[in-house]
Amino acid sequence: MPRLLLLFDGYCGFCTRTVQALLARDRDGRILALPSQTPGLRERHGLTRAQTDAAIWVIDAASGR
């Protein structure tokens, strides 16, 4: 079960490659990575497009923070 939710800019090639490299090293499956363009995802976590376009966000699954 993923412990961390990672939101990244799915249109950004650098971000996508970085996330792919990170997931390749996550052998225990602790990270769920989703593009911030996933419908309703930003809103569900109280983030704006500007915020998710500027940085990768990591949210703790247990606390939602």
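Note that this is a predicted model, so its numbers are computed, not measured. For reference, positions follow the sequence shown, starting with 1. Atoms considered below: every heavy atom in the structure, side chains included; atoms not considered: hydrogens, waters and symmetry mates.
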A side-chain contact here means heavy atoms from C-beta on lying under 4.5 Å apart; do Leu5 and His45 qualify? yes
Which of these, Leu22, Leu23, Asp26, sits in a side chain to side chain contact (heavy atoms under 4.5 Å, CB included) with Leu6? Leu22
With side-chain contact (heavy atoms from CB on, under 4.5 Å) as the criterion, how do Ile31 and Arg3 come out once you've worked through the C-alpha distance, each side chain's angles and the decisive distance to 0.1 Å? CA-CA 6 Å; Ile31 299 170; Arg3 293 190 339 203; over 6 Å; no
Donor-acceptor contact present, side-chain Thr38 to main-chain Leu34, <3.5 Å: no
Is the backbone of Gln51 close enough, under 3.5 Å, to the side chain of Thr48 for a donor and an acceptor to pair up by distance? yes
Should Val58 and Val19 be regarded as members of a common hydrophobic cluster, given that ILVMFWY residues are connected when their side-chain heavy atoms come within less than 4.5 Å of each other, either directly or indirectly? yes
Would you indicate whether the side-chain heavy atoms of Thr52 and Asp9 approach each other to under 4.5 Å? no
Smallest heavy-atom separation, Ala61 atom then Pro2 atom, equals CB-O, 3.8 Å
Just so I know, are the side chains of Leu4 and Ile59 near enough to count as touching, which here means a heavy-atom distance under 4.5 Å? no
Checking Arg25 side chain against Ala21 main chain: does a donor-acceptor pair fall under 3.5 Å? yes
Mind checking whether Ser36 and Arg42 have side chains closer than 4.5 Å, heavy atoms only? yes
Determine whether a donor-acceptor pair (N or O, by modelled atom type, separation under 3.5 Å) exists between the side chain of Asp60 and the backbone of Gly64. no
In this structure, SG of Cys12 is separated from CD1 of Ile56 (nearest 0.5 Å) by 8.0 Å
From Gln20 CD over to Phe8 CZ, what is the distance, rounded to the nearest 0.5 angstrom? 7.5 Å
In terms of heavy-atom contacts, Thr16 and Gly10 come closest through OG1-O, 3.6 Å
